[in-house]
S.K.: 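Before we start, here is the structure in question, set down as structure tokens.
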Amino acid sequence: SRECIKLKQYIEMNYPQDITLDTLAEVSHLNKYYMVHSFTKYAGLSPIQYLNQTRLKRAQHLLKNTNYSISDIASSTGFSSQSYFTQIFRKNFNMTPVKYRQEHAKN
């Protein structure tokens with residue numbers, strides 16, 4: 001649906017900011033519960049899961065290609081804290097951001 005495409009684009013452009021379901025409902029002009037249901041059906045992930053995936057992809061890129069600190073990467077990709085970032089990262093990749101960097105860093 002058009003609204004879901006618009007939401008995906010909004011998330012991809014604004015992922016570093018504090019995005020809540022209320023924000024997304026406002027952007028899409030949809031009821032929050034209907035928006036979550038529609039987006040999940042469309043994308044296969046809830047809006048918040050999609051937001052976290054978008055943030056994690058960017059974090060992976062930064063870990064591989066920069067020397068930014070883990071806390072700088074966490075905050076620049078929109079995570080509320082380094083510990084939350086590490087928790088979500090480990091859950092998705094079965095390793096910490098530090099370990100990921102060690103294994104994937106470009107020399």
Side-chain angles (χ1 to χ4, degrees):
S1 78
R2 227 177 28 232
E3 288 86 7
C4 293
I5 292 167
K6 196 169 142 187
L7 283 173
K8 276 181 85 168
Q9 290 171 336
Y10 179 84
I11 290 170
E12 287 161 11
M13 301 285 292
N14 298 287
Y15 68 86
Q17 284 143 30
D18 184 24
I19 298 176
T20 64
L21 289 177
D22 290 325
T23 311
L24 296 174
E26 231 173 81
V27 166
S28 66
H29 307 291
L30 295 171
N31 169 289
K32 181 165 53 174
Y33 302 100
Y34 177 75
M35 181 266 304
V36 169
H37 176 76
S38 297
F39 190 92
T40 304
K41 203 169 145 190
Y42 167 78
L45 297 169
S46 74
I48 298 303
Q49 288 171 322
Y50 186 79
L51 172 61
N52 281 336
Q53 291 298 337
T54 303
R55 288 173 170 169
L56 287 170
K57 279 183 196 147
R58 181 69 184 142
Q60 281 180 293
H61 174 79
L62 292 171
L63 288 165
K64 284 184 198 172
N65 299 298
T66 72
N67 292 321
Y68 298 156
S69 72
I70 303 301
S71 71
D72 284 348
I73 291 174
S75 64
S76 74
T77 53
F79 287 97
S80 54
S81 70
Q82 183 180 336
S83 62
Y84 180 62
F85 167 61
T86 301
Q87 178 189 342
I88 296 283
F89 195 94
R90 184 187 307 226
K91 192 173 164 191
N92 278 267
F93 302 110
N94 296 317
M95 65 177 80
T96 64
V98 172
K99 182 115 175 79
Y100 183 89
R101 172 176 269 163
Q102 290 165 348
E103 291 188 9
H104 296 88
K106 300 224 170 26
N107 295 331

S.K.: Strictly distance-based, threshold 3.5 Å: is any side-chain N or O of Arg55 a donor or acceptor partner for the main-chain N or O of Gly78?
M.R.: yes
S.K.: So do Ile70 and Arg101 actually touch side chain to side chain, heavy atoms under 4.5 Å?
M.R.: yes
S.K.: Which heavy atom of Arg90 sits nearest a heavy atom of Thr96, and at what distance?
M.R.: NH2-CG2, 3.1 Å
S.K.: Just verifying a value: how many Å separate Glu12 CD and Tyr50 OH, rounded to the nearest 0.5 Å?
M.R.: 3.5 Å
S.K.: Working to the nearest 0.5 angstrom, can you tell me the gap between Thr54 OG1 and Met13 CE?
M.R.: 12.5 Å
S.K.: Quick check for you: to the nearest 0.5 Å, what is the distance between His61 atom NE2 and Lys57 atom NZ?
M.R.: 14.0 Å
S.K.: Does Leu45 share a hydrophobic cluster with Tyr42, counting links as ILVMFWY side-chain heavy atoms below 4.5 Å and allowing steps through other members?
M.R.: no
S.K.: Can you get from Tyr15 to Leu21 by hopping between Ile, Leu, Val, Met, Phe, Trp and Tyr side chains that sit under 4.5 Å apart?
M.R.: yes
S.K.: Looking at CD of Gln87 and CG of Asn92, how far apart are the two atoms once the value is rounded to the nearest 0.5 Å?
M.R.: 11.0 Å
S.K.: Between CD of Gln9 and NZ of Lys6, what distance do you get to the nearest 0.5 Å?
M.R.: 9.5 Å
S.K.: Mind checking whether Leu56 and Ile48 sit in one hydrophobic cluster, side chains of I, L, V, M, F, W, Y counted as touching below 4.5 Å?
M.R.: no
S.K.: What is the minimum heavy-atom distance between Gln82 and Ser71, and which atoms define it?
M.R.: OE1-CB, 3.1 Å
S.K.: For Tyr100 and His104, take the angle between the two ring planes, folded into 0 to 90°, and tell me which bin it lands in: parallel under 30, tilted 30 to 60, perpendicular over 60.
M.R.: parallel
S.K.: Where do Pro16 and Ser76 come nearest, in terms of heavy atoms and distance?
M.R.: CB-O, 3.5 Å
S.K.: Could you walk me through whether Ser83 and Thr86 pass side-chain hydrogen bond (donor to acceptor under 3.5 Å, both in side chains), step by step?
M.R.: CA-CA 5 Å; Ser83 62; Thr86 301; over 6 Å; no
S.K.: Once you round to the nearest 0.5 Å, how far does CG of Leu51 lie from NZ of Lys8?
M.R.: 13.0 Å
S.K.: What closest approach, in Å, do Thr77 and Ala59 show between heavy atoms, and which atom pair accounts for it?
M.R.: CG2-N, 3.8 Å
S.K.: Where does the angle between the aromatic ring planes of Phe85 and Phe79 fall among parallel (under 30°), tilted (30 to 60°) and perpendicular (over 60°)?
M.R.: tilted
S.K.: Report the C-alpha separation of Phe39 and Glu3 in whole Å, then their side-chain angles, then the decisive distance to 0.1 Å, and conclude whether the side-chain contact (heavy atoms from CB on, under 4.5 Å) test is met.
M.R.: CA-CA 8 Å; Phe39 190 92; Glu3 288 86 7; over 6 Å; no
S.K.: For atom CD of Glu103, is the number of surrounding heavy atoms from other residues, nucleotides or ligands below 6.0 Å larger than 12?
M.R.: yes
S.K.: Please determine whether residues Ile11 and Leu62 belong to a single hydrophobic cluster, defined as Ile, Leu, Val, Met, Phe, Trp and Tyr linked transitively by side-chain heavy-atom distances below 4.5 Å.
M.R.: no
S.K.: Would you check if the side chain of Asn14 reaches a backbone N or O of Gln17 as a donor-acceptor pair within less than 3.5 Å?
M.R.: no
S.K.: Closest approach of Pro47 and Leu24, non-hydrogen atoms and distance?
M.R.: CB-CD1, 3.6 Å
S.K.: Using every non-hydrogen atom in the two residues, find where Ser81 and Ala74 come nearest and quote the distance to one decimal.
M.R.: O-CB, 4.2 Å
S.K.: Check for me, please, whether Val27 and Ile5 land in the same ILVMFWY cluster - side-chain distances under 4.5 Å, paths through other members count.
M.R.: no
S.K.: Counting only heavy atoms from other residues, nucleotides and ligands, does the tally under 6.0 Å from OH of Tyr68 exceed 12?
M.R.: no
S.K.: So Ile19 and Tyr10, side-chain contact (heavy atoms from CB on, under 4.5 Å) or not? Walk me through it.
M.R.: CA-CA 10 Å; Ile19 298 176; Tyr10 179 84; 4.1 Å; yes
